Student: 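Quick one: this structure, given as structure tokens, is what I'll be asking you about.
Just so you know, these numbers come straight off a predicted model, no measurement behind them. Just the heavy atoms: all of them, side chains too, but no hydrogens, waters or symmetry mates, feed the values below.
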Amino acid sequence: MRSSLLFLVCLGLYSTLQAQTPAPFGAVPSSRQLQWHQLKYYAFVHFNMNTFTNEEWGHGTETPDMFNPSQLDCRQWARVAKAAGMEGIIITAKHHDGFCLWPSQYTEHSVKNSKWRNGKGDVLKDLSAACKEYGLKFGVYLSPWDRNHPAYGTPAYNEVFKNTLKEVLTQYGDVYEVWFDGANGEGPNGKKQVYDWPGFVATVRQYQPNAVIFSDAGPDIRWVGNEDGYAGETNWSTLNRDKVYPAYPNYWELTLGHEDGTHWVPTEVNCSIRPGWYYHASEDNKVKSLEHLVDIYYSSIGRNGNWLLNLPVDRRGLVHENDEKRLMELKAYTDKATHNLAGGKKITSSSVFRKTSMFGAGNVLDGNRNTYWAAAATDKQAALAIDLGKQTTLNRLLIEEYIALGQRVKKFTVAAFLDGRYQPIATGTTIGNRRILRFSAVTTNKLRITFEEAKASPLIRHVELYNAPELMVTPVIRRSKDGLVTIVSPRTTDPVITYTVDGTEPTASSTRFSQPFPLPKGGTIKARAFIDNMKQASSPVATEFDISAAKWTVVSAGMPAESKTADRLIDGTGDTFWQQRKKDDSPLSVVVDLGETVPLHGMTYLPRQDGRKEGIVYRYAVSVSQDGKSWSAPVSQGAFSNINNNPVLQSIRFEKPSSARYIKFDALETASATDATVSIAELGVLTH
């Protein structure tokens, strides 16, 4: 009797306590996901066999001796990452070619058979130790695809991969994230593998239960649907997880998430600091500008995501100087906006849960992310008002929901008190773990945040206000078909642009750009913009050009009736593109007359740059001719690896240089097997 009475009393107290706190809404994060949400920004390091073969996706036919960094220093990686404000490093322990950066027992394609450190080296051991030393988290990328392992394509391979996972997850201490790539191609036996995803996930859970698992479908965190670094303006942390799977074709759904998703699977936003993921010396001058990286910062971290920025470690085994310099510029910029203008100010709300101070508006500005303001349970619309006490200039707002109880807000508006009334200055849709709104600078003494639409009563844990320095826009360098170079700095008022053509960095005293100038034979242009009497400068930018297309003509491009726009192939701008329907499954050929015989070391292909995927070429062949009638055997043929996710300029190097007047580009296969079109933004040649 006493036991039953005690049980009823406890049950009553529990029910009362539950009634006194807001109820969870929808899918909610697990404890491991909440730990991951505390992070913002960490490094992806693509360093493996591809670094030494100049590939993006290796073929599995490489010899282990090809992996031989001369100055490998994982402590340098960790030092750079820490100085940049990053919180961890995820390493490509095994990519599609199957080469393992640790001495694995389950493959011969491993550092144990390389010349590096006489086969005694272990990159994972070095990196995990460096991460511990610098206070960084350690994560691993392992591709299930293996183009080298003889068992790939058979049921036995799934056990091999699980054992491979066990090796990595049991020898190097705590692993905070395991990154799975959904790529699934042929192995050395010509077969594809049917992956045992449940078994792979179970292996991670067994040996690293606190690690979050990444893939298109999670189960813990998801891909953002692009490799550009941009989350959606609307970004739900929830996903219908049972619908999605690795290599999910409707990738655009991952950018927005599913508003009423069954599971909590938030977004990780990945991109590279360079065009490619692995190191290529040709990209040393193509590091993203400071302005570009800042835009990604606000579009990833600022849109309910974590930012995974790739650093392609070079052949020495070091983070390249150009990459390090830009990272430090980014850190210096973000450090300038660290003073929270809302800290310690007065705040009120239009609604509060149970009218108790436990959930009062003051929790939003108390600096404690474990406390939160809660609107009344019946109020899906509510507002917060901040009294800044004096006229204050600001242009950024950071706001966070209390996501432990779900994601709720669908639409909110920010208004400033100007000219005696509140006037809207910014709007947003979803918030989630973190949202940063950018707007033109305003000077005000009061700010109001109105939650106009929510799926349940808003719960807000934190708000910050900043006045971030505005950045100059990096110059854009272009060359016309006729070989005239133009340099502009968009959205910059009265800039002075200087440039060099000898490879040196432009300074205030370099040649000033005043009108287009000829560069028909190519070269490297570096430019920089200045304002405020040359006191403020943009980041320098560099663009490399080969010979111009002034003498070129497109001889043929698919069916003549649909070839009227073929000149877009060689117009010198990536803003336009040519698109052609295929007759059948036959290759579609484009023939260009170069106007004269030139030495050909290769060619370039630029996919369409409008964000759409239709017609992007995957497999290709290139032939040359002196008369446009008799064609050589293909001087190059292959596939553009990862081009669907990363549609950047592709360089094709010929095995043997050729001299020719005509060049033919055969589109053998597009990135989507069901695509009936071929699209090309630009074709070019490499003459050296």
Student: Looking at side-chain heavy atoms only, is the closest gap between P607 and F640 below 4.5 Å?
Tutor: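 With C-beta onward as the side chain, the pair stays apart.
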Student: Are R512 and T498 linked by a side-chain donor-acceptor pair shorter than 3.5 Å?
Tutor: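 There is no such pair (donor and acceptor under 3.5 Å, judged by atom type) between the side chains of R512 and T498.
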Student: Under the side-chain hydrogen bond (donor to acceptor under 3.5 Å, both in side chains) test, which residues partner R315, sequence neighbours left out?
Tutor: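 Once residues adjacent in sequence are excluded, R315 has no partner under the side-chain hydrogen bond (donor to acceptor under 3.5 Å, both in side chains) criterion.
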Student: How close do K82 and G135 get, heavy atom to heavy atom, and via which atoms?
Tutor: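 Heavy atoms only, the tightest pair is NZ-O, 3.9 Å.
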Student: Within a reach of under 6.0 Å around CG of D494, are more than 12 heavy atoms found that belong to other residues, nucleotides or ligands?
Tutor: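 No.
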Student: For side-chain contact (heavy atoms from CB on, under 4.5 Å), just list the numbers for I652 and V622, CA-CA rounded to whole Å, side-chain angles, deciding distance to a tenth of an Å, and then say yes or no.
Tutor: CA-CA 9 Å; I652 304 167; V622 181; 4.2 Å; yes
Student: Donor-acceptor pair, E56 side chain versus N642 backbone, under 3.5 Å?
Tutor: no
Student: How far apart are the C-alpha atoms of T267 and N235, what are their side-chain angles, what is the distance that settles it, and do they pass the side chain to side chain donor-acceptor pair (under 3.5 Å) test?
Tutor: CA-CA 8 Å; T267 301; N235 183 7; 3.1 Å; yes
Student: So, D482 side chain and L484 main chain: donor-acceptor pair closer than 3.5 Å or not?
Tutor: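 Judged by distance alone, no pair lies under 3.5 Å.
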Student: Within a 6.0 Å radius of atom NZ on K286, are there more than 12 heavy atoms belonging to other residues, nucleotides or ligands?
Tutor: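 Atom NZ in K286 is crowded, with more than 12 foreign heavy atoms closer than 6.0 Å.
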Student: State whether the side chain of R528 and the backbone N or O of A537 hold a donor-acceptor pair below 3.5 Å, judged by distance alone.
Tutor: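 Checking the backbone N and O of A537 against the side chain of R528, no donor-acceptor pair under 3.5 Å is found.
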Student: Applying the side-chain hydrogen bond (donor to acceptor under 3.5 Å, both in side chains) criterion to N270, which one of W223, W277, W307 satisfies it?
Tutor: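 Running side-chain hydrogen bond (donor to acceptor under 3.5 Å, both in side chains) over W223, W277, W307 with N270 returns exactly one hit, W223.
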Student: Before accepting this row, confirm whether a basic side-chain N of the pair K526/D502 lies closer than 4.0 Å to the acidic partner's carboxylate O.
Tutor: no
Student: Mind checking whether T524 and T543 have side chains closer than 4.5 Å, heavy atoms only?
Tutor: no
Student: Decide yes or no on side-chain contact (heavy atoms from CB on, under 4.5 Å) for N304 and S237, but give the supporting numbers first.
Tutor: CA-CA 8 Å; N304 192 30; S237 294; 3.0 Å; yes
Student: Taking ring-ring contact (aromatic ring centres under 6.0 Å, His included) as the test, write out the residues that go with F138, two or more places apart.
Tutor: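 By the ring-ring contact (aromatic ring centres under 6.0 Å, His included) rule, F138 matches no residue at all.
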Student: Kindly determine whether D181 and Y141 satisfy side chain to side chain donor-acceptor pair (under 3.5 Å), including the steps that lead there.
Tutor: CA-CA 8 Å; D181 195 312; Y141 164 116; 2.9 Å; yes
Student: Find the distance between CD (E324) and CZ (R79) and round it off to the nearest 0.5 Å.
Tutor: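 If we round to the nearest 0.5 Å, E324:CD and R79:CZ are 5.0 Å apart.
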Student: Could you tell me which non-hydrogen atom of L311 sits nearest to which non-hydrogen atom of A43, and how far apart they are?
Tutor: CD1-CB, 4.1 Å
Student: Is N226 reaching over with its side chain to a backbone N or O of D228, donor-acceptor style, under 3.5 angstrom?
Tutor: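 Checked: pair present.
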Student: Taking salt bridge (Lys or Arg N to Asp or Glu O under 4.0 Å) as the test, write out the residues that go with E544, two or more places apart.
Tutor: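 If we apply the salt bridge (Lys or Arg N to Asp or Glu O under 4.0 Å) test to E544, skipping adjacent residues, there are no hits.
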Student: What is the minimum heavy-atom distance between L600 and F654, and which atoms define it?
Tutor: O-CD1, 3.6 Å
Student: I want to check something: taking the side chain as every heavy atom from C-beta on, are P599 and P657 in contact at a cut-off of under 4.5 Å?
Tutor: no
Student: Test your reading of the model: is there a side-chain donor-acceptor pair from K331 to the backbone of A83, 3.5 Å cut-off?
Tutor: no
Student: Is there a side-chain contact between Y41 and T334 in this structure, where contact means two heavy atoms from C-beta onward sitting under 4.5 Å apart?
Tutor: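 When only atoms from C-beta onward are counted, T334 and Y41 do not touch, as no gap falls below 4.5 Å.
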Student: Any chance you could lay out the side chain to side chain donor-acceptor pair (under 3.5 Å) test for T393 and N467, step after step, and finish with the verdict?
Tutor: CA-CA 6 Å; T393 301; N467 186 30; 5.4 Å; no
Student: Kindly say whether A468 contributes a backbone atom to a donor-acceptor pair with the side chain of N395 at under 3.5 angstrom?
Tutor: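 A pair under 3.5 Å: yes.
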Student: Less than 4.5 Å apart, any side-chain heavy atom of I570 and any of V554?
Tutor: yes
Student: Give the C-alpha distance, both sets of side-chain angles, the deciding distance and a yes or no for side-chain contact (heavy atoms from CB on, under 4.5 Å) between R274 and H320.
Tutor: CA-CA 11 Å; R274 296 174 176 224; H320 194 274; 3.5 Å; yes
Student: Is K40 paired with E400 through a side-chain N to carboxylate O contact shorter than 4.0 Å?
Tutor: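 Between K40 and E400 there is no salt bridge, as every charged N stays at least 4.0 Å from the carboxylate O atoms.
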Student: Any chance you could lay out the side chain to side chain donor-acceptor pair (under 3.5 Å) test for Q579 and T677, step after step, and finish with the verdict?
Tutor: CA-CA 7 Å; Q579 190 165 354; T677 64; 3.2 Å; yes
Student: For K551, look at atom NZ and say whether over 12 heavy atoms of other residues, nucleotides or ligands are found less than 6.0 Å away.
Tutor: no
Student: Can you see which heavy atom on T430 is nearest to which on F412, and at what distance?
Tutor: O-CE2, 4.2 Å
Student: Is a side-chain donor or acceptor of R608 paired with a backbone partner of E614 at a separation under 3.5 angstrom?
Tutor: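 Looks like yes, one N/O pair under 3.5 Å.
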Student: Closer than 3.5 angstrom, by distance alone: can the side chain of R478 be matched with the main-chain N or O of G572 as a donor-acceptor pair?
Tutor: no
Student: How long is the span from the CD1 atom in I436 to the CD1 atom in I399, to the nearest 0.5 Å?
Tutor: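 I436 atom CD1 to I399 atom CD1 measures 12.0 Å (nearest 0.5 Å).
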Student: Tell me, please, which residues at least two apart from D571 pass salt bridge (Lys or Arg N to Asp or Glu O under 4.0 Å).
Tutor: none
Student: Ion pair present between K137 and E87, side-chain N to carboxylate O less than 4.0 angstrom?
Tutor: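 Salt bridge absent between K137 and E87.
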Student: Establish, yes or no, whether the cationic atom of R612 lies under 6.0 Å from the six-membered ring centre of F577 and within 45° of the ring axis.
Tutor: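 That pair does not qualify as a cation-pi contact.
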Student: What is the minimum heavy-atom distance between S272 and L309, and which atoms define it?
Tutor: C-CD1, 4.0 Å
Student: Would you say N644 and S672 make side-chain contact, with heavy atoms under 4.5 Å?
Tutor: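 No, side chains not in contact.
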Student: Is it true that a side-chain atom of N340 and a backbone atom of E464 form a donor plus acceptor pair closer than 3.5 Å?
Tutor: no
Student: Heavy atoms only: give me the nearest G305-V269 pair and the separation to one decimal.
Tutor: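 Closest heavy-atom pair between G305 and V269: CA-CG2, 4.4 Å.
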Student: State which residues pass salt bridge (Lys or Arg N to Asp or Glu O under 4.0 Å) with E227; sequence neighbours excluded, sorted by chain then number.
Tutor: none
Student: Tell me if the centroids of the rings in Y176 and Y42 come within less than 6.0 Å of each other.
Tutor: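 Yes, the ring of Y176 comes within the 6.0 Å limit of the ring of Y42, centre to centre.
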Student: Is there a side-chain contact between W57 and H95 in this structure, where contact means two heavy atoms from C-beta onward sitting under 4.5 Å apart?
Tutor: yes
Student: Partners of D295 by salt bridge (Lys or Arg N to Asp or Glu O under 4.0 Å), sequence neighbours excluded?
Tutor: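 Counting only residues at least two positions away or on another chain, D295 forms a salt bridge (Lys or Arg N to Asp or Glu O under 4.0 Å) with R438.
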Student: With Y605 as reference, evaluate W578, Y620, F665, Y618 under the ring pair (Phe, Tyr, Trp, His ring centres under 6.0 Å) test and give the passing residue.
Tutor: F665
Student: Got L398 and R434 here, is their nearest side-chain heavy-atom distance under 4.5 Å?
Tutor: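 Counting from C-beta outward, L398 and R434 do come under 4.5 Å.
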Student: Counting N and O atoms only, with roles assigned by atom type, does the side chain of Q609 sit under 3.5 Å from a partner on the main chain of P647, one being a donor and the other an acceptor?
Tutor: yes
Student: Classify the ring geometry between H46 and Y278 as parallel (under 30°), tilted (30 to 60°) or perpendicular (over 60°).
Tutor: perpendicular
Student: With S510, which of T500, I497, T504 fulfils side chain to side chain contact (heavy atoms under 4.5 Å, CB included)?
Tutor: T500
Student: Is it true that atom CG of N533 has more than 12 heavy atoms of other residues, nucleotides or ligands lying nearer than 6.0 Å?
Tutor: no
Student: Is there a side-chain contact (heavy atoms from CB on, under 4.5 Å) between W552 and V685 once you walk through the steps?
Tutor: CA-CA 11 Å; W552 301 6; V685 299; 3.7 Å; yes
